[in-house]
Protein chains: 2
Amino acid sequence: MTSTNHPLDLLVRNLELRARLSQEDRDAILALPYTLRTLDHLTYTIREGDPPRECAVLVSGFAYRQKTTQDGARQIIALHLPGDALDFQNMYLKVSDHSVQMLTRGEVAIIAREELQELAQARPAIGHAILIKTLVEASIFREWVLNVGRRKARERMAHVLCELGSRMDALGLTQEHGYELPMTQEELADALGLTPVHVNRTLKLLEAEGLIMRTRRSIRFPDWERIREAADFNERYLHLDLQVPSSS
Amino acid sequence: MTSTNHPLDLLVRNLELRARLSQEDRDAILALPYTLRTLDHLTYTIREGDPPRECAVLVSGFAYRQKTTQDGARQIIALHLPGDALDFQNMYLKVSDHSVQMLTRGEVAIIAREELQELAQARPAIGHAILIKTLVEASIFREWVLNVGRRKARERMAHVLCELGSRMDALGLTQEHGYELPMTQEELADALGLTPVHVNRTLKLLEAEGLIMRTRRSIRFPDWERIREAADFNERYLHLDLQVPSSS
DNA sequence: CGTAGTGTTGAGTCAAGTCAATGGTTGTGG
DNA sequence: CCACAACCATTGACTTGACTCAACACTACG
């Protein structure tokens, strides 16, 4: 199922969605030494408390960021799609403050932290692109604080479904406003700050309202505008366009 | 009340807590052109939807980041202390995805976005320091997702009180584990994803448990270890030490 | 000394959680 | 190919943490 392309191709395309790269920049990224590895569901890429030594780039499959409280409650902080670098948030810090784990089985390209840091320093455009990516990730964290802090279960659920839809769409992973949702209801609960039981009820509610259609793990939106509104979803925070400041 | 020092001194010291700067770096920051301005409570530094043109550095007073839902519910995403740059999160993006507002009256040094960006590019150590600061801010966002998503009101409240205590302590703004809490209960509620009424009850509960002492807006912790435990507070996520990777 | 903004308290309601049982799917090994 | 096991989804009955509404008290400042 691996494409015939270079595994880091997705990363390059992902960075280029947000920042400009020259041909040399692209080539330099593709020239990075890496190890390709297939990871199972639940495999950790990094654990809270560990010093980051490498940066994993998701080639296929999905992953998430996660923190837990003392008494074991888990909160999923972010979801990651193919092409995402999983460790930009960690690799410049001494100790990781959260864990990253595979949401599905998938492939990962592992790059040594120093290699990536040197490249970012040697090629400012790449360093800039990485900065932009981390800033956009931070923006998503902020939206999640709002989502979990101030929206009710129905809107909250609709909101993550919209976010995933938009982000998958930007990567061309959707089929007519529908996609495979690679999460169990328990995982959804941990992303939303709810219980699995309530997630189930909320999904059924959205379904009864005609806002979503479900078959097993696949989600479709019969009317994007309607769910967008129900979710209070505004994709501005995803910063999906090229981040070249309007110079004036 | 302005110190006789350079207004950007606090920023330099703040950056140096996390990254190494040379004397030339320090001087270069202090040589930045800026405008000093006194802002009242609730004045916006930047509004969601606006293009960032400048970066405000907090010289005195407090500020916060904020987003609101369609129906007007507000969530405070982060709190800022003197020395914090309020717009690192925005200034490399085309449009701001959230607002920043003064929590108290205070002074702000305003620097043009391009000036700061050019400096960051010309002096890699400064660029690196800015990157580290944004990464630490992102770490705090993540902890807030966990706090709001998975902790009950009592722990949640205790947790922000601890965070503020720790951060103020790092700046030398506390007196024996106590500090002036510059927020109304309504603002606290918006930071915690609760209602003002419940904030009031939760504060009284913590007080009754002997975990905090209050007089008007001032907070003291009779027993830091006890509240730390009650809050499930681990300051790792604040990355309070110098972020030089353990090379091995 | 009056007024506006905060803080405090009580009573009643509701969204979401808990507990517990039942049903469905998928994958695996006999 | 079937049967079982493990995991996941669904549902109902009940509980609870947090919200709402509403009144009242305090404090600071003009």
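Chain naming here is simple, since letters A, B, ... match the order of the sequence lines and numbering starts at 1 in each.
- A donor atom on one side chain and an acceptor atom on the other are not found under 3.5 Å apart for B:Glu143 and A:His98.
- A close approach under 4.0 Å does occur between a side-chain nitrogen or oxygen of B:Gln185 and OP1 or OP2 of C:dT8.
- Here A:Arg156 lies out of heavy-atom contact (under 4.0 Å) with every strand.
- Between A:Arg151 atom CZ and C:dA16 atom C1' the separation is 18 Å, expressed in whole Å.
- Nucleotide C:dG7 holds its P atom 12 Å from the NZ atom of B:Lys204, rounded to whole Å.
- Of the inter-residue distances, the one linking B:Leu203 atom CG with B:Leu188 atom CG reads 6.5 Å to the nearest 0.5 angstrom.
- Across the protein-nucleic acid pair, A:Arg150 atom CZ and C:dA15 atom C1' stand 15 Å apart, rounded to whole Å.
- The nearest whole Å value for the distance from the CG atom in A:Leu192 to the P atom in C:dG17 is 10 Å.
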Which pairs of donor and acceptor atoms, one on a side chain in residues 41-48 of chain A, lie under 3.5 Å apart (sequence neighbours left out)?
from	atom 1	to	atom 2	distance (Å)
A:His41	ND1	A:Leu103	O	2.7
A:Thr43	OG1	A:Asp40	N	3.2
A:Thr43	OG1	A:Asp40	O	2.7

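- Between A:Leu39 and A:Arg105 the shortest side-chain heavy-atom distance does not fall below 4.5 Å.
- As rounded to whole Å, 17 Å separates atom P of C:dA4 from atom NE2 of B:His41.
- Phosphate contact (OP1/OP2 of C:dG7, side-chain N/O of B:Asn200, threshold under 4.0 Å): absent.
- For the pair A:Met157 CE and C:dA15 P, the computed distance is 17 Å after rounding to whole Å.
- Side chain to side chain, B:Ser96 and B:Asn90 meet the donor-acceptor criterion of an N or O pair below 3.5 Å.
- Residue whose closest nucleotide on DNA chain C sits further toward the 5' end, between A:Ala153 and A:Val197: A:Ala153.
- Under the 6.0 Å cut-off for aromatic ring centres, A:Trp224 and A:Phe221 qualify, their centroids lying closer than that.
- Residue B:Leu42 contributes atom CG, which lies 12 Å from atom C1' of C:dG5 at whole-angstrom precision.
- When the C1' atom of C:dT18 is taken as reference, atom CG of A:Leu194 falls 14 Å away, rounded to whole Å.
- Proximity note for A:Lys152 (side chain, C-beta onward) versus C:dT26, C:dT8, C:dA15: the nearest is C:dA15.
- Under the 3.5 Å distance criterion, with hydrogens and angles disregarded, no donor-acceptor pair is assigned to the side chains of B:Tyr64 and B:Glu187.
- Protein chain A contacts DNA chain D from D:dC8 to D:dA13, reading 5' to 3' and using non-hydrogen atoms of the protein with a distance under 4.0 Å.
- Comparing B:Arg201 and B:Thr184 by the nucleotide of DNA chain C that holds the closest heavy atom to each, the one mapping nearer the 5' end is B:Thr184.
- Fit an axis to the five pairs at each end of the helix from C:dC1-D:dG30 to C:dG30-D:dC1 and the two axes sit 40° apart, to the nearest 10 degrees.
- Atom CD of A:Gln70 has 12 or fewer heavy atoms from other residues, nucleotides or ligands within 6.0 Å.
- For the pair A:Thr215 and A:Ser218, the minimum side-chain heavy-atom distance is below 4.5 Å.
- In this structure, B:Arg154 reaches neither bases nor backbone, as no heavy-atom distance under 4.0 Å exists between it and the strands shown.
- In this structure a side-chain-to-backbone donor-acceptor pair under 3.5 Å is missing from B:Arg74 to B:Thr68.
- Note on A:Leu203: nothing from the nucleic acid sits closer than 4.0 angstrom, heavy atoms only.
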